[in-house]
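Have a look at the structure below, then the notes.
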Amino acid sequence: MKTIIEPFRIRTVEPIRMTTQGERRGLLEKAGYNPFLLRSDDVLLDLLTDSGTSAMSAEQWAGIQRGDESYAGSPSFYRFEKAVHEIFGFEHVIPTHQGRAAERILFSTLCKPGDIVPNNTHFDTTRANVQATGATPLDLPAPHGLDPAVPHPFKGDMDTDRLVELLETEGPERVPVVMVTITNNTGGGQPVSLANLREVSRICRDFGVPFYIDACRFAENAWFIKQREEGQGERTIPEIVREIFSLADGCTMSAKKDGLANIGGFLALNDESLARREKNLLILTEGFPTYGGLAGRDLEAIAVGLHEVLEEDYLEYRHASVRYLGEAISEGGVPIMQPPGGHAVYIDAAALLPHVPPLELPGQTVVCELYLEGGIRCVEVGTVMFGSRDPDTGEETPASMELVRLALPRRVYTQSHVDYMVEAILSFADRRESVGGFRMVEQEPVLRHFTARFEPLYEFGTG
Ligand code: F0G
């Protein structure tokens with residue numbers, strides 16, 4: 001059969017509240033034109049994130065019922081630990097309430113002021129957690145990942161020449177850890193090749209620097225390796241995953257992505273003395289090491305989800321839906337990051353709206369217009385999220401790309417939902433020449449995109 005179907009049936013449904021364009025115009029104005037500040041009841045199709053938004057399976061709900069809430073030594077923890085051992089292979093498994101808690105614990109044990117932490121591209125919380133220790137996050141994306149329009153099978157790769165140069169010029173003492181994010185979320189949800197991971201691992205071993213993986217979308221990355229990398233097509237997903245993590249000293253994980261869970265994460269590693277220090281920190285802010293800020297039932301849902309996410313039928317459907325969305329809007333003339341990523345399609349807002357300069361936030365225009373057009377919520381990944389503002393002069397430096405992310409929650413939307421998204425996006429694209437930009441009128445000094453407020457620089461909602 002040529003048609004790829006959702007490999008599940010739906011037994012519980014959640015209603016979607018329909019809204020009109022007129023209502024949405026008012027709601028958006030009230031939210032300061034920042035979709036993070038909308039109520040989710042006012043959203044028809046929520047593509048804000050694929051994080052914590054998965055639909056759980058019957059087996060996961062069964063796990064929730066089985067959850068044991070003992071403070072210490074719960075069997076739920078041991079089932080969770082066993083799943084992480086089996087899949088990732090690391091010796092020490094530290095549960096955390098989500099990925100950023102694992103990051104905070106890792107960086108606060110490894111980094112000190114003046115250090116440099118390279119990554120293919122830091123996710124925003126990763127960057128902020130490195131900075132919180134006084135160290136400097138440094139992005140080293142491979143050159144073939146930088147042009148949104150030019151396809152390449154592994155646009156998430158790290159630039160290993162620059163990594164070697166950094167380690168040689170700064171010295172390995174200044175680099176407490178090298179990290180690679182799979183898939184590279186900020187760089188367009190693009191995968192990292194096994195060849196690149198092997199090379200980064202070899203360089204780190206040569207220089208004696210620990211190598212960690214930000215594992216959030218590890219199964220999606222492994223699927224791309226199986227599909228696209230020479231010599232990998234015959235291997236199973238668990239085999240590829242096992243090799244990926246055997247190359248590293250540890251990983252941070254947000255189970256809200258490829259754990260198919262609504263909350264949770266972990267830090268896993270092989271270094272025993274480091275793990276001991278990290279468990280002490282965990283007790284301080286997260287909880288005892290056999291629950292780490294999670295309920296026993298959450299640990300059960302993750303243990304099941306980590307296995308389900310490796311199923312090939314699931315991964316095939318997952319990638320087919322993201323690809324379908326990407327190809328349909330791209331064929332309709334909307335420039336996207338090519339090829340579509342593992343969890344999301346990224347619209348190139350700078351190319352879609354060439355008449356809106358980066359400092360007038362073209363990505364924010366696309367985000368607001370798609371909400372107005374179809375009640376679709378998505379997120380700007382451009383100057384709002386990654387631009388920088390001089391605290392003294394207020395002068396703004398734009399980000400290197402102006403993207404808008406359409407992230408698909410896992411196992412949540414059907415084909416007709418995706419068809420609706422395509423229709424709304426193309427309908428907005430038809431009237432793109434009539435729109436303008438936005439300006440930020442309120443912002444916080446860190447992670448400003450979550451709470452900033454905006455004003456349109458054109459007649460919004462009259463086109
Ligand atoms: N690393 C990556 C690559 C991520 O995408 C995220 C979260 C995190 C770390 C942090 O994990 O949210 O569990 O603390 N990304 C979400 C997103 C929020 O929408 O892309 P967390």
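Below, each value reflects all heavy atoms present in this structure, side chains not excepted, and no hydrogens, waters or symmetry copies. Please read all numbers here as calculations on a predicted model, not as lab measurements. We count ligands from 1, going down the list as the structure has it; atoms in each ligand are counted the same way.
Remark: minimum distance from atom 13 (O) of ligand 1 to any protein heavy atom is reached at Ser254 OG, 2.7 Å. Nearest protein heavy-atom neighbour of atom 21 (P) of ligand 1: Gln98 NE2, 3.3 Å. Nearest non-hydrogen protein atom to atom 9 (C) of ligand 1 is Glu103 OE2, 3.0 Å. In terms of protein heavy atoms, atom 18 (C) of ligand 1 is closest to Phe123 CZ, 3.8 Å. At the shortest separation from atom 1 (N) of ligand 1 among protein heavy atoms lies Asp214 OD2, 2.7 Å. What sits closest to atom 5 (O) of ligand 1 on the protein, heavy atoms only, is Asn185 ND2, 2.7 Å. For atom 15 (N) of ligand 1, the nearest non-hydrogen atom of the protein is Lys257 NZ, 3.0 Å.
Residue-to-ligand polar distances keep Lys256 apart from ligand 1: every N/O pair is separated by 3.5 Å or more. Considering backbone and side-chain atoms alike, Leu48 places every N or O at 3.5 Å or more from each N or O of ligand 1.
Of the candidates Thr49, Thr126, Thr252, Thr49 brings a heavy atom nearest to atom 19 (O) of ligand 1. Looking at Val379, Asp50, Thr181, Thr125, it is Thr125 that brings a heavy atom closest to atom 10 (C) of ligand 1.
Electrostatic pairing of Glu199 and Arg202 counts as a salt bridge here, judged by a charged N lying under 4.0 Å from a carboxylate O. Here Lys226 pairs with Glu312 in a salt bridge; the nearest charged N to carboxylate O distance falls below 4.0 Å. Between Arg24 and Glu373 there is no salt bridge, since none of the side-chain N atoms of the basic residue sits less than 4.0 Å from a carboxylate O of the acidic one. Using a cut-off of 4.0 Å between Lys/Arg side-chain N and Asp/Glu carboxylate O, Arg410 and Asp50 are scored as salt-bridged. Electrostatic pairing of Glu442 and Arg448 does not count as a salt bridge here, judged by no charged N lying under 4.0 Å from a carboxylate O. For Arg411 and Glu6, the salt-bridge test fails: no basic side-chain N is under 4.0 Å from an acidic carboxylate O. Salt-bridge check for Asp42 with Arg17: passed, with a basic side-chain N closer than 4.0 Å to an acidic carboxylate O.
Close approach of ligand 1 to Arg100 (heavy-atom distance below 4.0 Å) involves ligand atoms 11 (O), 12 (O), 14 (O), 21 (P). The atoms of ligand 1 that sit less than 4.0 Å from any heavy atom of Gly99 are 11 (O), 13 (O), 14 (O), 21 (P).
Using the six-membered ring where Trp is involved, His343 and Tyr346 have ring planes that are perpendicular, over 60° apart on the 30 and 60° scheme. Below 30°, between 30° and 60°, or above 60°: for Phe218 and Phe88 the angle between ring planes is between 30° and 60°, a tilted geometry.
For Gly265, the heavy-atom gap to ligand 1 stays at 4.0 angstrom or more. Within the 4.0 Å heavy-atom shell around ligand 1 one finds Arg217.
Contact annotation for Arg104 and ligand 1: no heavy atom of the residue comes within less than 4.0 Å of the ligand.
In plain terms, the two heavy atoms of Glu396 and Thr383 that are nearest each other are OE2-CG2, 4.0 Å.
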